[in-house]
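Here's the structure we're looking at; comments come further down.
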Amino acid sequence: MNRFVSLCLIVVALVASSVQGFAPSSLGGISGGSNFVVSQRSRVAQPVARSNSKSSLQMGSQAKFGIFSPAVYGAKIALGNDKLNKIRGKAISLHSQYIGEFCEWAGAYHLRTRLIKKAKTNGDILGFLV
């Protein structure tokens, strides 16, 4: 059993290392440093284009097929849609809470919402939101 768990962890680590969702994001500057100087420049307000739809949020029915999508489909068949959505909601809630705690610990609480949006985007790319 331990060999199976070890093998699964190695496979997940290899898959995760090849996914672009873990690549450095645009939170830093060109050299990966701070955006402080860039953010202090004066900006001219650009008109925002509004869409006709009520919301531009991407929901589960429009999610991308990713590497974990087959596991999500299997869980949907095994657990049922309601149970899977409960577990998914609890996992998202806990993850958002840990992101908030990390940002508070690091003194970067202002980045909390950006990191949560980034986690949602990564979850979509990886196929967790199918």
Side-chain angles (χ1 to χ4, degrees):
M1 182 68 182
N2 286 335
R3 293 184 83 188
F4 177 73
V5 172
S6 298
L7 181 64
C8 287
L9 289 175
I10 290 172
V11 169
V12 168
L14 289 173
V15 168
S17 67
S18 66
V19 174
Q20 286 295 332
F22 297 103
S25 68
S26 62
L27 292 177
I30 294 172
S31 63
S34 173
N35 272 345
F36 179 76
V37 175
V38 175
S39 66
Q40 298 303 313
R41 294 182 191 152
S42 62
R43 294 189 176 137
V44 178
Q46 298 290 331
V48 178
R50 302 278 180 195
S51 65
N52 292 338
S53 65
K54 272 190 167 182
S55 174
S56 63
L57 288 177
Q58 212 177 30
M59 300 312 241
S61 62
Q62 300 170 347
K64 297 175 187 169
F65 188 87
I67 193 153
F68 291 108
S69 294
V72 173
Y73 284 130
K76 192 178 285 191
I77 292 169
L79 300 173
N81 217 7
D82 293 336
K83 180 102 173 164
L84 177 65
N85 284 339
K86 270 187 182 178
I87 293 171
R88 183 184 285 167
K90 183 70 172 173
I92 290 171
S93 169
L94 287 172
H95 192 234
S96 297
Q97 180 182 351
Y98 292 138
I99 289 172
E101 289 175 5
F102 171 77
C103 289
E104 198 170 312
W105 172 80
Y109 199 76
H110 61 284
L111 293 177
R112 180 182 171 272
T113 54
R114 287 177 65 189
L115 289 174
I116 290 173
K117 287 180 183 178
K118 188 68 166 175
K120 182 180 179 192
T121 304
N122 285 342
D124 187 27
I125 291 169
L126 292 173
F128 286 119
L129 302 179
V130 177

Go through the structure and list residues passing side chain to side chain contact (heavy atoms under 4.5 Å, CB included) with [X], not counting sequence neighbours.
| X | result |
| --- | --- |
| D82 | none |
| T113 | none |
| K83 | L79, I87 |
| A91 | none |

List the atom of [X], the atom of [Y], and the distance in Å for their closest heavy-atom pair.
| X | Y | result |
| --- | --- | --- |
| A63 | L129 | CB-O, 3.0 Å |
| P70 | G66 | CD-O, 3.8 Å |
| V130 | F65 | CG2-CA, 4.5 Å |
| K76 | N81 | CE-OD1, 3.8 Å |
| D124 | K64 | OD1-N, 2.9 Å |

**Study point:** Gap between atom NZ of K118 and atom CZ of R114 - 0.5 Å precision
**Key:** 9.5 Å
**Study point:** Transitive ILVMFWY cluster of I77, excluding itself - 4.5 Å side-chain cut-off
**Key:** none
Point to revise | S93 (side chain) donor-acceptor with G89 (main chain) under 3.5 angstrom | key: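 Not confirmed, S93 side chain does not pair with G89 backbone.
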Distance-only donor-acceptor pairs under 3.5 Å for side chains of residues 94-106, two or more places apart:
from	atom 1	to	atom 2	distance (Å)
S96	OG	I92	O	3.0
Q97	NE2	E101	OE2	3.4

